[in-house]
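One structure below.
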Amino acid sequence: MRVAFFVNEFPKISETFILDQITFLLDHGCAVDIFAQELHRGAITHDDVLAYDLLRDAELLVQPGSRNKVLRLARGLFDLARALPQNPRLVLRSLDVRRFGARALKFEPFYRSRPFLSGPAYDIVHCHFGPIGTVGAELRALGAFKAPLLTQFHGFDASSYLRVRGEDIYRELFREADVLLCVSERIEKRLRDMGCEARKTRVHHTGVKVAATPFSTRTPASTRPIEVLTVGRLVEKKGIEFGLRAIARLAADCPQLRYTIVGDGPEEARLRALSRELGLGERVTFAGALPRDQVSQLMQRAQVLLAPSVVAQNGDEEGIPVVLMEAMACGLPVVSSEHAGIPELIKDSISGLLAPERDVEALVAQLKLLLAEPNLARELALAAREVIERDYDVERLNADLLSLYQNLRADFAHRSR
């Protein structure tokens, strides 16, 4: 089976769920091609990107850049002339001004379709995030590929993106896609409310490699520091501001308390300034973006994973963060927020502790409870591991995905006769 993955950026250190799907398919005999809007060669990445040499044949789905309009036009005409003999019908359809307007004159649809002019046939095209799904829908409507189309929704694509682009942005995708995978029930309901046929949607969680994740409950810290850990992009929806404020409230009564924040992003300068303003000093470490093995090491040392996610001012929401699953799998108790799909994963006081969004007092109370009650921390950790083993084991989830691919391929072949 040959699978095409359409993504926005590759590799992206925070998107381990895409990497896990790709490597699973390769391990099970599939051929996988990666098409991205941006390729990051030489960036900090996970070992599997190198081990599987995933960047070797990855291709861009965008037009070669040039600020000079004349050079851009000349380059476009030259590339068109070379491509036309390969697939005249697809090239000409990509230039349809009635359909694409000014985008056709800028050669955008042509460059998106160029990798498919004479390439291999695909059995499945799998797009990650709604906006990339619209690219896949456009290409399939153009005839760039003849294969089942899946799009997986993760969070912002069913929240803040809709505020900017409007709910009609997915009209063609809803029509063209065979299946829309949703990482949470909340996202699935939203897509259905927007008019997507119920038969096309299904919940398909992201997950973690349970068998490869050692489990151990945490013991109270007596002489060593009490480590609280947050892992995530430094963006508003991660709620790290409220994590810092909660740590500042705890600091006076807990001199051993230390807070490590893993990740990078546009909020970094503001969060560093807030940390200084709160007088946290050396209690807080901004560790930057780290590969998965280093994050795992930090989780083994920590007593709590703090994930105070919020709805951002632009409406951006989480799906269900994978980092919560990683913590729960290894025995690290979680304090998080009643946000988006998180309560689908964590049941308050059973498999973790939850607080209302933006409620610093509630976060402080939950952290105090967890740090003061080692027996509670152990019970939460055991229950959390059971949840991950049952519902979020990535090996089982990816096996289900491969089975879905096979069924879609068979149905598509039957319809195409």
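Ion pairing between a basic and an acidic side chain is recognised when a charged N comes within 4.0 Å of a carboxylate O; R186 and E317 show such pairing. A salt bridge links E176 with R140: the closest approach of a Lys/Arg side-chain nitrogen to an acidic carboxylate oxygen falls below 4.0 angstrom. Using a 4.0 Å cut-off between a side-chain N of Lys or Arg and a carboxylate O of Asp or Glu, R112 and E108 do not qualify as a salt bridge. Remark: R396 engages D400 in a salt bridge, criterion side-chain N to carboxylate O under 4.0 Å. Salt bridge R249/E361: present, at least one basic N to carboxylate O contact under 4.0 Å. We find that E185 and K189 are not joined by a salt bridge, their nearest charged nitrogen and carboxylate oxygen being 4.0 Å or further apart. A salt bridge does not link K200 to D178: none of the charged nitrogens lies less than 4.0 Å from a carboxylate oxygen.
Note that the CD atom of E197 and the CG atom of L191 stand 13.0 Å from one another [nearest 0.5 Å]. Taken from CG in D264 to CD1 in I13, the straight-line distance is 8.0 Å, to the nearest 0.5 Å. In this structure, OG1 in T285 is found 10.5 Å from CG in L229, a value given to the nearest 0.5 Å. Summarising the geometry, atom NE2 belonging to H40 is positioned 10.0 Å from atom OG1 belonging to T45; distances are rounded to the nearest 0.5 Å. With rounding to the nearest 0.5 Å, the separation of CG in L278 from CG in L271 is 10.5 Å. If you take CG on L353 and CG on L306, they are separated by 11.0 Å, rounding to the nearest 0.5 Å.
Residue pairs that meet the side-chain hydrogen bond (donor to acceptor under 3.5 Å, both in side chains) test with at least one member in residues 322-339, sequence neighbours left out, are H339-E357. Contacts classified as salt bridge (Lys or Arg N to Asp or Glu O under 4.0 Å) and involving residues 342-353 (residues at least two apart or in different chains) are not found. Counting only residues at least two apart or on different chains, the salt bridge (Lys or Arg N to Asp or Glu O under 4.0 Å) pairs with a member in residues 283-294 are D20-R292. Pairs engaging residues 2-11 under the salt bridge (Lys or Arg N to Asp or Glu O under 4.0 Å) rule: R2-D33, E9-K12 [sequence neighbours left out].
R89 CZ: 12 or fewer foreign heavy atoms inside a 6.0 Å radius. Counting non-hydrogen atoms of neighbouring residues, nucleotides and ligands closer than 6.0 angstrom, the CD atom of E386 reaches no more than 12 such neighbours. Residue-environment remark: CZ (R171) stays at or below the threshold of 12 foreign heavy atoms within 6.0 Å. The number of heavy atoms from other shown groups lying within 6.0 Å of CZ (R82) does not exceed 12. Summarising the local packing, CZ of R165 is surrounded by 12 or fewer heavy atoms from other residues, nucleotides or ligands at distances under 6.0 Å. By the 6.0 Å contact criterion, CZ on R378 is open, its count of non-hydrogen atoms from other residues, nucleotides or ligands being 12 or less.
Looking at S118 and N87, their side chains never come closer than 4.5 Å, going by heavy atoms from C-beta outward. At least one side-chain heavy atom of R301 sits less than 4.5 Å from a side-chain heavy atom of L298. Side-chain atoms of T134 and E138, non-hydrogen and from C-beta on, never get closer than 4.5 Å to each other. Side-chain contact check for L397 versus F24: every heavy-atom pair is 4.5 Å or farther apart. Under the 4.5 Å side-chain criterion, counting only non-hydrogen atoms from C-beta, V208 is not in contact with M328. Between F107 and R75 the shortest side-chain heavy-atom distance does not fall below 4.5 Å. Between D57 and I34 there is no side-chain heavy-atom pair separated by less than 4.5 Å. In this structure the side chain of R202 reaches within 4.5 angstrom of the side chain of L404, judged on heavy atoms.
The salt bridge (charged side-chain N to carboxylate O under 4.0 Å, His left out) test with D316 singles out one residue from K237, K238, R163, and that residue is K237. The side chain to side chain contact (heavy atoms under 4.5 Å, CB included) test with V335 singles out one residue from L371, L354, L363, V228, and that residue is L363.
At distances below 3.5 Å, not a single donor-acceptor pair connects side-chain atoms of R103 with backbone N or O atoms of P109. Under the 3.5 Å distance criterion, the side-chain polar atoms of R190 are matched with a main-chain donor or acceptor of A158. For the pair T213 (side chain) and K209 (backbone), a donor-acceptor distance under 3.5 Å is present.
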Pair L408-F412, side-chain contact (heavy atoms from CB on, under 4.5 Å): steps then yes or no: CA-CA 6 Å; L408 286 172; F412 190 82; 5.9 Å; no
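The two residues G265 and R233 come nearest to each other via the heavy atoms CA-NH1, 3.4 Å. Closest non-hydrogen pair, S113 versus A144, comes out as CB-CB, 4.4 Å. The nearest pair of heavy atoms linking M325 to G207 is SD-CA, 3.7 Å. Annotation for A384 and S351: closest pair CB-O, 3.6 Å, computed over non-hydrogen atoms. When all heavy atoms of Q303 and P225 are compared, the closest pair comes out as OE1-O, 3.7 Å.
Qualifying ring pair (Phe, Tyr, Trp, His ring centres under 6.0 Å) partners for F156, counting only residues two or more places apart in sequence or in other chains: F129. Under the rule for a ring pair (Phe, Tyr, Trp, His ring centres under 6.0 Å), the partners of F116 that lie at least two apart in sequence or sit in another chain are F6, F35.
In this structure, F153 has its ring center closer than 6.0 angstrom to the ring center of Y170.
H128 and E15 are not linked by any side-chain donor-acceptor pair at a separation below 3.5 angstrom, with hydrogens and angles left out of the test. Looking at D79 and Y111, their side chains do bring a donor and an acceptor atom within 3.5 Å of each other.
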